[in-house]
Amino acid sequence: MTYDFFYKLFGSQVVAAIIQGLLPLFVFILPFAVFAVWLERKVSAHMQDRLGPMRVGWHGWLQTIADILKLLQKEDIIASENDKPLFNIAPLLVFIGSYAAFAAIPFSSAFIGSNLDLGVFFIVAVSGLVVAGILMAGWASNNKYSLLGAMRSAAQIISYEIPTILVIVTIVMVTGTLNLNTLSEMQTGHFWNWMILGGPTLGVAKFLMIPFMIIGFVIIYISSLAEVNRTPFDIPEAESELVSGYHTEYSGMKFAMFFLAEYANMFAVSAVVAALFFGGYQSPIGYLGNLIGIKWLIPIEQLFWFTAKGLFFVFVQMWLRWTLPRLRVDQLMAACWKYLIPIAFVNLIIIGLITLM
Amino acid sequence: MREYLKNIWTAIITILIGMKITFKHLFVPAVTIQYPDVKPQLPERERNRLYVNMDDCIGCDQCARACPVNCISIETVKGLPTEDLGKTSQGRKKALWVTNFTIDFSKCCYCQLCVFPCPTECIYMTDVYEFSEYERGNLIYNFSTLTPEEAEQKKINYAQFEADKAKEKAAKAAAPVNTSAPKEQ
């Protein structure tokens, strides 16, 4: 829809595609990252009975912009023993990996970067690119802490992709589509049509599915938390053990790139969880635009609901971060292979049987 | 199997308990004091920058002697009998010009030992603690009420007085002693 608009405006497919591609970055991801970093600091501070940044702007809301200005001015340090090409590409690759995921995420019915039929699959695939970037960063830094962090990260992300995909497969089995836009459209109406409450089709199956959908949601939330390397699964960064893991050797804008990728990733996984289980951009209580008959208001409302759901899950990620201690490496692997994967499998089979009924 | 399920149960319950606690703390008022805007309440007997009330100082040097780090330096000159140096607030007559009274706060250890020996209670701790400086020399505070010229003048005056006295004495010694000496005995 927005693509058609830009195509009509500029008369060139290339220009329209470039604008369509850059739109989420400048309109959404950068402001979101700025806001999320501030929110993280505020949430962490208030959970510890502190105040957090207070001096730049009202309650420090401009603090992140000040920090970005500082990072822009910093020297870009490349140590002499670094593997320079890999070292320079790694942050870009990590950022591209997390940014590419936004291509298939439907922000509202009017805006979806690319309405792929393989939407969820595409997101899972490009998220795998992040691992390569992190491994590159760790290897090219030529630093034992970086390499350890990168190895841990690779082990962790690859392990936790399995439960994530198993839960996605569960949803795909029920709905029969990988397209996130279609998935969101299916869950239209009110909140009882959301997948977490058994999906849109009314019947015995819907009510039977509810507990297993909740289990599925918990599993995908935990494993996506591990995929974006957030506490309690932040062993790749583990400040107290590994300095700061794979980005120890990075400074200035390259460090900012990793940081941006982390926050972009946080929103991406929250958005996927919201789209799979919580109706994506659909409103839980119906639209004001329908009520008063203004059709163009609906996409804006949808954008609001989507952002609200995404932000809520981002907030829960922060909440968990400041609640739980970091897991040990063996505990991390045990949680994945002994608990999440078997449960996800059993869940998959049970939901499959219910769907067959 | 029983333990397996129990582990899952404890994990979920303990995480929820932890989350409940952190969520409650989101709404607990912060303990942070916004320092430059809000000053912390200092305890009643806090020890910070010293102040010397020169109106009361009699130049007795007791504080300088009590100081364990020798950060107080006092120079005094005796006042002439003709001069009126004023009185302290306790009605004590002052006899010395305090030509120099400096405290080096880069040395001061805020032990308050100088405060107790002071006979006129003119040196005391204030509640000022924000006096950092870029130059170390700026931390040497001079409390003397006399300008350097005046101090110099006092010194010259006293030296003159001494010299006059010595001259007088010499004159007396040179003069015939027979009249005065027996009287003194």
Side-chain angles (χ1 to χ4, degrees), chain A residues 39-56 58-60 163 211 214-215 217-219 221-223 225-226 230-233 312-313 315-328 330-332 334-347, chain B residues 1-49 105-106 108-110 125-139 141:
Chain A
L39 185 72
E40 168 107 62
R41 295 177 68 174
K42 280 310 225 189
V43 166
S44 69
H46 283 286
M47 278 179 178
Q48 296 169 349
D49 297 350
R50 297 181 286 115
L51 283 172
M54 286 293 279
R55 307 215 63 87
V56 193
W58 181 82
H59 279 242
I214 291 171
I215 292 172
F217 160 68
V218 171
I219 289 171
Y221 197 75
I222 294 171
S223 48
L225 204 62
R230 298 276 304 174
T231 326
F233 304 104
F312 174 74
F313 287 117
F315 169 73
V316 177
Q317 285 180 348
M318 291 172 182
W319 183 3
L320 279 167
R321 174 171 176 181
W322 297 100
T323 304
L324 299 175
R326 184 185 308 129
L327 282 131
R328 237 186 299 133
D330 62 317
Q331 289 170 335
L332 184 91
C336 180
W337 293 97
K338 283 182 174 170
Y339 293 91
L340 294 181
I341 291 178
I343 296 171
F345 259 120
V346 173
N347 206 32
Chain B
M1 193 65 200
R2 202 187 155 84
E3 207 193 324
Y4 181 83
L5 294 173
K6 214 180 129 194
N7 283 346
I8 297 172
W9 182 249
T10 26
I12 293 168
I13 291 301
T14 46
I15 287 172
L16 288 179
I17 291 171
M19 286 174 82
K20 193 179 137 199
I21 290 169
T22 40
F23 194 72
K24 268 186 195 160
H25 275 271
L26 262 184
F27 305 103
V28 172
V31 293
T32 313
I33 295 166
Q34 292 276 293
Y35 164 59
D37 305 333
V38 184
K39 299 274 170 70
Q41 177 87 45
L42 290 171
E44 207 176 305
R45 297 198 294 175
E46 87 274 62
R47 303 201 303 259
N48 296 300
R49 189 169 73 183
F105 284 105
S106 57
C108 181
C109 64
Y110 308 97
M125 295 281 182
T126 57
D127 57 358
V128 184
Y129 50 88
E130 298 155 308
F131 54 98
S132 55
E133 296 281 355
Y134 286 101
E135 294 288 326
R136 206 176 290 175
N138 293 348
L139 281 170
Y141 282 55

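Naming convention: chains lettered A, B, ... in sequence-line order (proteins, then strands); numbering from 1 in each chain.
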message = If the contact rule is any heavy atom under 4.5 Å from chain A, which residues of residues 3-15 of chain B qualify, in numerical order?
response = B:Tyr4, B:Asn7, B:Ile8, B:Ile15

query = Does the side chain of A:Met318 reach to within under 4.5 Å of the side chain of B:Thr22, using non-hydrogen atoms?
reply = no

note = Interatomic distance, OG1@A:Thr323 vs CD1@B:Ile17, rounded to 0.5 Å, equals 12.5 Å

By ring-ring contact (aromatic ring centres under 6.0 Å, His included) - contacts of [X] (at least two apart):
X: A:Phe312; answer: none
X: B:Phe23; answer: A:Trp319, B:Phe27
X: B:Tyr134; answer: none

request  = Examine whether an atom of A:Pro325 lies under 4.5 Å from a heavy atom of chain B, and if so say whether it belongs to the side chain, the backbone or both; otherwise answer neither.
outcome  = neither

query = What part of A:Leu324 lies closer than 4.5 angstrom to a heavy atom of chain B: side chain, backbone, both or neither?
reply = side chain

remark   = Per-residue tally against chain A (heavy atom, under 4.5 Å) across B:Lys24, B:Gln34, B:Met19 peaks at B:Met19

query = Taking all atoms of both residues into account, what is the closest heavy-atom pair of A:Arg50 and B:Ala30, and its distance?
reply = O-CB, 3.2 Å

